[in-house]
Amino acid sequence: MLVKLKNDKITMTISTLGAEPQSLVFEEREYLWNGDKEYWFRRAPLLFPIIGPTKDDKIGYQGKEYKMPGNGFARDTEFTLLKQSESEATFVLEDSKESRENYYPFGFVLTVTYTLLDQGYRAKAEIYAKEDLYYTFGWHPAFSLDMNGKGCDLESYTLNFEKEEKADRKYAVDGAFVYEKDFLIGDQIELKRAETDKGAITLDNIKSSEVTLTSSLGEHGVTVTMGKMTTFTAWTTLNKWAQFLCLEPMLSFGDKNREFDIDKMKETRLLKKGESEVYSNDFIIF
């Protein structure tokens, strides 16, 4: 099912499958990727309860194995529309017998709310623990490079960080991380296809509270607020010249060499029974 939100300037469409935004039109300009299957069929998935690949698409807990596809199962699961107004919609995903037996052995409630702003939208996720659980979380929206005109190339774009950064880069090759020391020193990354074709640009321990994508060929761009997130990833399909770039604030990003048991992974966080954690991030378009 598709849910449509609207205010004076923005129209946003969200699917109940994965609570995933499908379209974001601001002043008659589309900002989200169109999901062209030749390049990447997704548009703006959320990542829960794992981010990144896992060994053999499995995790363990207390001696039992569970299926766990890279970036988790929530993005491929139907959410329930909990409530909707003209400019806001809330979706909920709750554990089930199938999820506990096959994917993720914990009781949880994941509530996701999208709220239209004057320029862009706010994405908020609340994770409630019915029992002690381990998780990570992140957003994965793909923004159209055509926001600055059809065919506007990735190499005209720059990532601008709010603060001076000194960060190593990691990216996965066959599921295992390769590291580049001091990949970012300063407050800008001039994007190059040679770099994005290696893999995702993933930076841990980011100090900036926001990251902005701009182009030398146009006046339109996107600002992502980091909120509680400290890992930032920029990604596009490898070696295909796709016209999108994902801007991803996240808690962590692991590879297939991580610990097998979810409670032993350094990338996951413990949420105690009865507690909630909320993540709120703005995606400002201009």
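- A side-chain donor-acceptor contact under 3.5 Å links D36 to the backbone of E38.
- Listed for the Y157 side chain is no donor-acceptor partner under 3.5 Å among the backbone atoms of S216.
- Remark: R75 CZ is packed, more than 12 non-hydrogen atoms of other residues, nucleotides or ligands lying under 6.0 Å away.
- Members clustered with Y179: L47, I51, F177, M250, F253, by chain and number, using a 4.5 Å side-chain heavy-atom cutoff among hydrophobic residues.
- With sequence neighbours left out, the side-chain hydrogen bond (donor to acceptor under 3.5 Å, both in side chains) criterion links E165 to S208.
- A 4.5 Å side-chain heavy-atom check between T111 and F79 finds every atom pair outside the cut-off.
- Other cluster members for W241: none, since no ILVMFWY side-chain heavy atom sits under 4.5 Å from it.
- Evaluation of the side chain to side chain contact (heavy atoms under 4.5 Å, CB included) rule for T230 yields no partner, not counting sequence neighbours.
- For the salt bridge (Lys or Arg N to Asp or Glu O under 4.0 Å) condition, the pairs that include at least one residue of residues 219-231, sequence neighbours left out, are K228-E277.
- Screening residues 40-51 for salt bridge (Lys or Arg N to Asp or Glu O under 4.0 Å), with sequence neighbours left out, gives R42-D76.
- Between Y103 and Y66, the ring centre distance reaches or exceeds 6.0 Å.
- With salt bridges taken as basic N to acidic carboxylate O contacts below 4.0 Å, one links E94 and K130.
- A donor-acceptor pair under 3.5 Å links the side-chain atoms of T237 to the main chain of Y39, judged by distance alone.
- No side-chain donor-acceptor contact under 3.5 Å links H140 to the backbone of L46.
- For T54, there are no side-chain hydrogen bond (donor to acceptor under 3.5 Å, both in side chains) partners at least two apart in sequence or on another chain.
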Which donor-acceptor pairs under 3.5 Å do the side chains of residues 182-197 make with protein atoms, sequence neighbours left out?
| residue | atom | partner | partner atom | Å |
| --- | --- | --- | --- | --- |
| D182 | OD1 | K166 | NZ | 2.9 |
| Q188 | NE2 | N160 | OD1 | 2.9 |
| R193 | NH1 | A242 | O | 3.2 |
| R193 | NH2 | D153 | OD1 | 3.4 |
| R193 | NH2 | A242 | O | 3.2 |
| E195 | OE1 | R169 | NH1 | 2.6 |
| E195 | OE1 | K198 | NZ | 3.2 |
| E195 | OE2 | K198 | NZ | 3.4 |
| T196 | OG1 | R193 | O | 3.4 |
| D197 | OD1 | N239 | N | 2.8 |

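- Atom OG1 of T80 is separated from atom CG of L93 by 8.0 Å, given to the nearest 0.5 angstrom.
- Under a hydrophobic clustering in which Ile, Leu, Val, Met, Phe, Trp and Tyr are joined whenever their side-chain heavy atoms come within less than 4.5 Å, directly or via other members, Y128 and L82 fall into the same cluster.
- In this structure, W33 has its ring center no closer than 6.0 Å to that of Y31.
- Put simply, the side chain of D255 never gets that close to the backbone of P53: no donor and acceptor are under 3.5 Å apart.
- By the 30° and 60° cut-offs, the orientation of the rings of F48 relative to F137 is tilted.
- Here F108 and F106 keep their ring centres 6.0 angstrom or further from each other.
- For the atom pair CZ of R269 and CD1 of I127, the computed distance is 9.5 Å after rounding to the nearest 0.5 Å.
- Ring orientation note: the planes of Y134 and Y61 are tilted relative to one another, at an angle of 30° to 60°.
- T77 places a side-chain N or O within 3.5 Å of a backbone atom of F73 that can act as its donor or acceptor partner.
- Under a 3.5 Å cut-off, the side chain of K67 and the backbone N or O of I59 do not form any donor-acceptor pair.
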- Criterion salt bridge (Lys or Arg N to Asp or Glu O under 4.0 Å) on K170 and D204, from CA distance to verdict: CA-CA 9 Å; K170 62 186 182 185; D204 290 327; 2.9 Å; yes

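- For the side-chain hydrogen bond (donor to acceptor under 3.5 Å, both in side chains) test, no residue two or more places apart in sequence or in another chain qualifies with D8.
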- Query: Should D132 and K273 be marked as a salt bridge (Lys or Arg N to Asp or Glu O under 4.0 Å) after you check the CA-CA gap, both sets of side-chain angles, and the distance that decides it?
  - Reply: CA-CA 5 Å; D132 290 1; K273 178 180 178 180; over 6 Å; no

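- A distance-only check finds no donor-acceptor pair linking the side chain of T225 to the backbone of G227 [under 3.5 Å].
- Centroid-to-centroid, the aromatic rings of F244 and W235 come within less than 6.0 Å.
- Note on residues 21-34: no pairs pass salt bridge (Lys or Arg N to Asp or Glu O under 4.0 Å), not counting sequence neighbours.
- Applying the side chain to side chain contact (heavy atoms under 4.5 Å, CB included) criterion to Q84, with sequence neighbours excluded, gives V3, L5, L81, A89.
- For S280, there are no side-chain hydrogen bond (donor to acceptor under 3.5 Å, both in side chains) partners, not counting sequence neighbours.
- The hydrophobic clustering, which links ILVMFWY residues whose side-chain heavy atoms are closer than 4.5 Å, places V211 and L154 together.
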